Amino acid sequence: MCVGDDDAALEQGWDGALELLDQDLARLGSGARTRHAYRADARQFARWCAAAGLSAREVGPRELRRYVAALSDAGRAPTTVARKLAAIRALFRALRQRGLIDQSPADLIATPKRPSRLPRVLKVGEMESLLDSIGGGGPLDWRDRAMFELAYACGLRAEELVSLRPCDIDHDGEQVRVEGKGAKTRVVPAGEPAIAAIGDYLARARPQLLAARGAEGASARGDEREPLFLSRSGRRLSTSDVRRRLARWTRRAGIAGGASPHALRHSFATHLLDGGADLRAIQELLGHTSISTTQVYTRVESARLRRVYRHSHPRG
């Protein structure tokens, strides 16, 4: 049976299962993009099951292995299959937590091994060139300088960056309150350059961006619930806005290969590790629940040391 995205009506109670998945993701504080991706992957699986006449209770490991095999036969990459399995696991987790199934069939399915790729990390000199290139005097330039200084200074995700409010910045304490994944709050130190850049943005640029909203913007001045970083029209930025603006500045700085907001986060963690920071401290600063997530940076450091060894050691 082929794996398709046809619009056939879901049968066997799958619509209700998909609704429970969405409720569960919302309860866990998953971002809008994650929820959209999980819903799409789970709906594709539900259509496949409905076409086979299977309800959620009737899906076992054998049926799930057939589905995974169908994905592979359709030419889906291991990374894609792994992503779809993550959505299916979340779907059956939601059903099991509500007592609708006794056990998740996904518990017995191994995730395809994905190629191990180290995260993109900018060198310290590249980061300095990038941040120093951001300027020009306009309100968007002041905003971008503050935004990317803060992203690198605190290792923030793009979603965390656009969710910040003015009240989250402790100027005297030089720290930032961040609401991360799963609505977990952490306080992260921010260096003097980032705090100074935010001060300049608040004084010179943000009032102009708020003014673009007219009377509504005027009434919002001083409202600490408003977003910290504003768009040209005075509204909340999207994560795609952040990626687009960063791409603009990396091109201007001449950084080969560009950089994503997540590359700034990876650079933050790697530069801390290079400077001797403890892995547990980096875990807390990044807001990782598990130390295993943070250990990817030890691979980055190990790879760097191997390159240094091969270049420097006479027998390397």
Side-chain angles (χ1 to χ4, degrees), residues 33 79 114-164 176 178 188-198 200-201 204-205 228-232 237-277 282 285-288 293-294 296-312:
R33 292 179 63 200
T79 51
R114 292 180 280 186
S116 179
R117 287 185 287 185
L118 297 177
R120 167 87 158 108
V121 174
L122 299 180
K123 298 175 182 177
V124 173
E126 289 178 318
M127 278 302 317
E128 291 176 347
S129 296
L130 169 62
L131 295 174
D132 289 345
S133 74
I134 304 176
L140 298 185
D141 292 355
W142 287 109
R143 180 204 65 193
D144 289 354
R145 179 63 182 261
M147 190 162 60
F148 295 125
E149 282 276 10
L150 191 63
Y152 172 59
C154 301
L156 302 183
R157 302 176 178 95
E159 294 85 353
E160 295 168 344
L161 201 59
V162 300
S163 298
L164 288 173
V176 180
V178 182
V188 185
E192 185 177 338
I195 293 296
I198 292 172
D200 289 338
Y201 160 69
R204 303 185 186 193
L228 173 63
F229 297 115
L230 301 173
S231 69
R232 186 189 301 272
L237 287 171
S238 68
T239 55
S240 60
D241 292 328
V242 176
R243 287 192 294 273
R244 179 175 51 80
R245 294 296 291 184
L246 181 57
R248 175 180 187 269
W249 292 115
T250 52
R251 284 195 301 271
R252 179 170 293 191
I255 295 175
S260 67
H262 223 63
L264 303 191
R265 179 170 161 87
H266 291 318
S267 301
F268 160 84
T270 302
H271 297 166
L272 281 175
L273 188 64
D274 287 348
I282 296 174
L285 292 170
L286 290 171
H288 286 163
T293 309
T294 316
V296 65
Y297 299 105
T298 63
R299 302 211 321 271
V300 174
E301 175 68 358
S302 177
R304 184 186 69 82
L305 292 176
R306 286 197 299 273
R307 288 195 300 272
V308 170
Y309 178 84
R310 285 195 298 269
H311 183 265
S312 307

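Here, residue 1 is the first one in the sequence, and each next residue gets the next number. Worth saying up front: this structure is predicted, and the values here are computed from it rather than measured.
Looking at R120, its side chain does come within 3.5 Å of a backbone N or O of G258 through a donor-acceptor pair. Judged purely by atom type and a 3.5 angstrom limit, R143 uses its side chain to pair as donor or acceptor with the backbone of L230. Checked by atom type and distance alone, the side chain of T250 pairs as donor or acceptor with a backbone atom of A247 at under 3.5 Å.
Put simply, the side chain of D274 does not reach to within 4.5 Å of the side chain of V124, judged on heavy atoms. Between R244 and D241, the closest side-chain pair of non-hydrogen atoms falls below 4.5 Å.
Rounding to the nearest 0.5 angstrom, the gap separating the CZ atom in F148 from the CG atom in L246 is 4.5 Å. Atoms OG1 and NZ, on T270 and K123 in that order, are 13.5 Å from each other to the nearest 0.5 Å. Once rounded to the nearest 0.5 Å, the distance linking CG of L286 with CG of L272 reads 8.0 Å. A distance of 7.0 Å separates CG in L130 from CG in L122, rounded to the nearest 0.5 Å. Taking CD1 from I195 and CG from D200, the interatomic distance works out to 11.5 Å, rounded to the nearest 0.5 Å. The distance from atom CG of L273 to atom CD1 of I282, rounded to the nearest 0.5 Å, is 4.5 Å.
By the 6.0 Å contact criterion, CZ on R232 is open, its count of non-hydrogen atoms from other residues, nucleotides or ligands being 12 or less.
A tilted orientation is assigned to the rings of F229 and Y201, their planes being inclined by 30° to 60°.
Of all non-hydrogen atoms in P189 and C154, the two that sit nearest each other are O-SG, 3.6 Å. Closest non-hydrogen pair, R252 versus S133, comes out as CD-O, 4.3 Å. When every heavy atom of P139 is checked against every heavy atom of A205, the shortest pair comes out as O-CB, 3.4 Å. M127 and L264 get closest at one heavy-atom pair: SD-CD2, 3.6 Å. In terms of heavy atoms, L237 sits closest to V162 at O-CB, 3.5 Å.
When M147, R265, H271, E128 are each tested for a side-chain contact (heavy atoms from CB on, under 4.5 Å) with Y152, only one passes: H271.
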- Task: Quick one: do R245 and D141 satisfy side-chain contact (heavy atoms from CB on, under 4.5 Å)? Show the steps, please.
- Result: CA-CA 10 Å; R245 294 296 291 184; D141 292 355; 3.9 Å; yes
E126 and L131: CA distance, side-chain angles, deciding distance, side-chain contact (heavy atoms from CB on, under 4.5 Å) verdict: CA-CA 9 Å; E126 289 178 318; L131 295 174; over 6 Å; no
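A salt bridge links E160 with R157: the distance from a Lys NZ or Arg NE/NH1/NH2 to an Asp or Glu carboxylate oxygen falls below 4.0 Å.
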